[in-house]
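Worth knowing before you read on, the calculation uses all heavy atoms, side chains too, and leaves out hydrogens, waters and symmetry mates.
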Amino acid sequence: MRSQYSLKKSPCNDCLLHFCCEHCALCQEYRELKRRGFDMTIGWQANVERQGQGVGTVPPPLQGEMSR
């Protein structure tokens with residue numbers, strides 16, 4: 001999300017923020033998307049159509065399962 005919206009980097013690494021305070025990081029991302037006009041209740045595809053990004057926009061890739 002940081003690269004997509006050209007957001008400033010925070011004082012610490014995103015990975016560290018999610019590891020130490022996942023709830024805070026997710027709340028911050030939720031507020032950022034809501035501020036940009038996204039409605040979390042309608043899902044990804046409906047938000048893409050609503051934002052007018054058109055066909056060809058795909059949701060972010062899912063991470064694979066954890067492995068050793």
Side-chain angles (χ1 to χ4, degrees):
M1 187 184 327
R2 182 179 306 288
S3 62
Q4 184 176 1
Y5 294 119
S6 301
L7 301 173
K8 293 190 306 185
K9 290 189 177 184
S10 61
C12 64
N13 187 317
D14 291 333
C15 183
L16 181 62
L17 180 63
H18 277 271
F19 180 75
C20 293
C21 192
E22 181 179 11
H23 297 295
C24 295
L26 292 175
C27 286
Q28 184 179 15
E29 290 175 1
Y30 176 86
R31 285 191 312 268
E32 181 67 30
L33 288 172
K34 192 166 184 154
R35 185 179 73 80
R36 293 179 180 274
F38 285 82
D39 179 4
M40 306 316 157
T41 61
I42 62 174
W44 177 265
Q45 188 61 39
N47 273 300
V48 168
E49 291 168 3
R50 189 170 164 211
Q51 295 292 324
Q53 295 177 359
V55 180
T57 305
V58 295
L62 296 175
Q63 297 282 338
E65 293 183 21
M66 291 179 61
S67 61
R68 292 183 178 226

Residues Gly37 and Gln51: closest non-hydrogen pair is O-NE2, 3.4 Å
Could you state the interatomic distance from CD (Gln28) to CG (Asp14), rounded to the nearest 0.5 Å?
8.5 Å
Ignoring hydrogens and angles, tell me if any N or O in the side chain of Asn47 forms a donor-acceptor pair with the backbone of Asp39 under 3.5 Å.
yes
Take Glu32 and Arg36 through the side chain to side chain contact (heavy atoms under 4.5 Å, CB included) test and state the conclusion after the steps.
CA-CA 6 Å; Glu32 181 67 30; Arg36 293 179 180 274; 2.7 Å; yes
For Phe38 and Arg50, which heavy atoms make the closest approach, and how far apart are they?
C-NH1, 4.4 Å
Can you name the nearest heavy-atom pair linking Met40 to Lys34, along with the distance?
CE-N, 3.8 Å
